[in-house]
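Hydrogens, waters and symmetry mates play no part in the numbers below; they use all other heavy atoms, side chains included. Quantities reported herein were computed from a predicted structural model and do not represent experimental measurements.
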Amino acid sequence: MAAVQDSAVAIGAGARRRPAAQGRLAALWTNHGAGYMFLLPWLVGFFGLTLGPAVASLYLSFTSFDLIRSPEWVGAANYVRIATADPKFAASLKVTFLYVVLSVPFKLAFALFVAILLDRGVKGLTVYRAIFYLPSLLGGSVAIAVLWRQLFAGDGLINSLLAQFGIEGPSWISHPDYSIWTLVVLSVWQFGSPMIIFLAGLRQIPTDMYEAASLDGASKFRQFYKITLPLLTPVIFFNAVVQTIEAFKAFTPAFIISGGTGGPINSTLFYTLYLYQEAFGNFRMGYASALAWILVLIIGLFTAFSFLTSRYWVHYDD
Amino acid sequence: MTMRMTRRNVLAGGAALLSYSMLASSALSQEARLRMLWWGSQARADRTNKVNQLFQSENPGVAINGEFLGWSDYWPRLATQVAGRNAPDIIQMDYRYIVEYARRGALAPLNDYLGSVLKVEDFDQVQIEGGSVDGKLYGISLGANSATMLVNTVAFEEAGVELPTPSTTWDEMARIGAEITKAGKRKGYFGLSDGSGVEPLLENWLRQRGKALFTAEGKIAYDANDAAEWFSMWAAMREAKACVPPDIQALDQFNVETSPLSLGKAATSYAHSNQLVAYQGINKDKLALRSHPLIGKDAKGGHYRKPSMFFSVSAQTKDPELGAKYVNFFVTNPNAAEVLGVERGVPESKAVREALAPTLDELGRAALDYVSGLGPLAGLLPPPPPSGAGEAELALRTVAEQVGFGQLDVKQGGETLVNEVTQILSRG
């Protein structure tokens, strides 16, 4: 009897609750439905193409998976091998760090330099902005990497130019001492996107500050050093973090220039290229997944480090 | 896990059957579809597509969708398609990968179709065995080729040196190379490509010494002394400017377009005989095929006739019999043979070879004559390379570069190579 009563109460409660819940849902829908519909493509993309594969790769990183047979659970074995028995992991990490350390500062300095030039009221600014931004749009493409190979080959344009001055250049892309530099130059050449952001940042600095400073007799260099740079630090910080992450993930140029080998002598063996070789060249998708998660960890640590140190050098105007 | 896969396959098979019976009832859509994937140049694609049209006209109701890629893009694509249960029905397979794919269950065994659908009785038995793994047939050879030295005959003539012969030794080759460089008829031109990182060339040299790259058990079959001697032979050639310097050799991505021969840097390159067609296509000067030099005057040759590539049928295909029928058409139909020529190697079927011979152009003739004229220089086909062979090849290339650029001396180079290859093979 009690049970019947209970269920009756439950039904009653449910019946009472349902219209309210429906009402809330309906209200939610009328208020935000359009918003969720607009978000839907992004949500599908995020869960289907980003989060789902990421979770799958985390699982695969604890397996031995040759792409054809089913994955086999191996525990932490992949991570153990990375840490203890993989000289190529160390080699690729070294190349990648070198690339990050060289390309990011050079690229940011160059982007800032061009942004300042453009900020000085050049005629046809928008045209220049578009032109300078172009390499960034093209930069990741295979065609540009192929072009780069042509430019820096032994008898390429660069050496033809050097020959005008009586210098006999090496084959830049195929000499282990120089090959990484051609990739750094390629990266610096794609300075467009940080440049645009710098330009926006420069526009935020009030001109009366410069006027006051020049009235006080401060030189252009001093103005740059004392006004422009400190006020620009939030933008520099943003660009540095974004570009560092980009540099860690670089793949296409090294893949094309070395024909996928990372050569000569592993000098262009970017981390992502090694990961790719392991996954698709050597059929070790599980191991490659572990490598990918180590990269996530490294990028995370770098970004965290940037944020922690930022309080000592980034000035927010408030 | 395996259990579930099987069940899924059964379900898929059931679904396929169901759809077939439904298709049969509607006269409109009786089409069977074969998807195929191969690597190669545009020239190969044109020939293949023509053969596909022939097959379709003889088999109404069958549609063939072919796709092709370059060698280095091919393997990642194939691996992901197989992993995604979306493998092409007909797969062009290489001797290097057939063991990996067969042992992992990605290919359909073809033994059941021998004699009925697959009529390959007049094939060279050795080449049939080349397509077998663990006693089952997984690939039908599309032709035989052999490692070769491509020579630019015009450059040899300009330098006033004779073309190498089947009895030319490496010592003589080094002298010839230095003479071409010294003649200086072309700017920045050298006699030979640096072959120290080229695996088929090392294999040829090792076989002349009675060794091999790998044992039948999949272990390394040469020692550090062999490797050191190999590197020191090439170091001497670099020293004498008989071959290109390391930074020019490093431009070579081991394909037709980037070899020092095609880049106009050297008068030789090391390749396989069926590649003559592609090499000549982008080289203005007339090229010729030569056997690899000998280690001594009375040495035995290190060559062998190798299945240039196979057609395999996917284990995931809905209709393996149709796949086998297609492969059979490709390798035995005289009209198909005429279209294909020797671009994929010299046909294995004796009847096809005889029918084909009079129809070949000059390049085809040269490739055919080279492979069939190796005579005593050709020995037994080595066992298929073990898992990890691709990685070992890259290791040879890297160590050869380290020696070339002077980061390692020849002795260290030999030890490093043997250590690395041993490790790679033990990982499998």
Top residue by heavy-atom pair count (under 4.5 Å) with chain B, among [options]?
options	answer
A:P87, A:A279, A:G262, A:P264	A:P264
A:A85, A:S258, A:G260	A:S258
A:F280, A:Y276, A:F65, A:W172	A:F280

[X] portion near chain A, given a 4.5 angstrom heavy-atom threshold:
X	answer
B:Q249	neither
B:Q253	side chain
B:Y74	neither
B:Q407	side chain
B:K187	neither
B:L251	both

- Would you check if there is a donor-acceptor pair between the side chains of A:K107 and A:Q190 at a distance under 3.5 Å? no
- Message: Can you see whether B:S314 engages B:T317 through a side-chain donor-acceptor pair at a distance of less than 3.5 angstrom?
- Response: no
- Can you say whether the rings of B:W75 and B:W39 are parallel (under 30°), tilted (30 to 60°) or perpendicular (over 60°)? tilted
Salt bridge check: are [X] and [Y] linked by an N-O gap of less than 4.0 Å?
X	Y	result
B:D285	B:R186	yes
B:E199	B:R96	yes
B:R427	B:E391	yes

Region of [X] in contact with chain B, defined by heavy-atom distances below 4.5 Å:
X	result
A:Q277	side chain
A:I265	both
A:S179	neither

- Is there a ring-ring contact (aromatic ring centres under 6.0 Å, His included) between A:F132 and A:F191 once you walk through the steps? CA-CA 8 Å; A:F132 285 137; A:F191 63 93; 5.7 Å; yes
- Note on the structure: Between A:T96 and A:L269, the two heavy atoms sitting closest are OG1-O, 4.5 Å
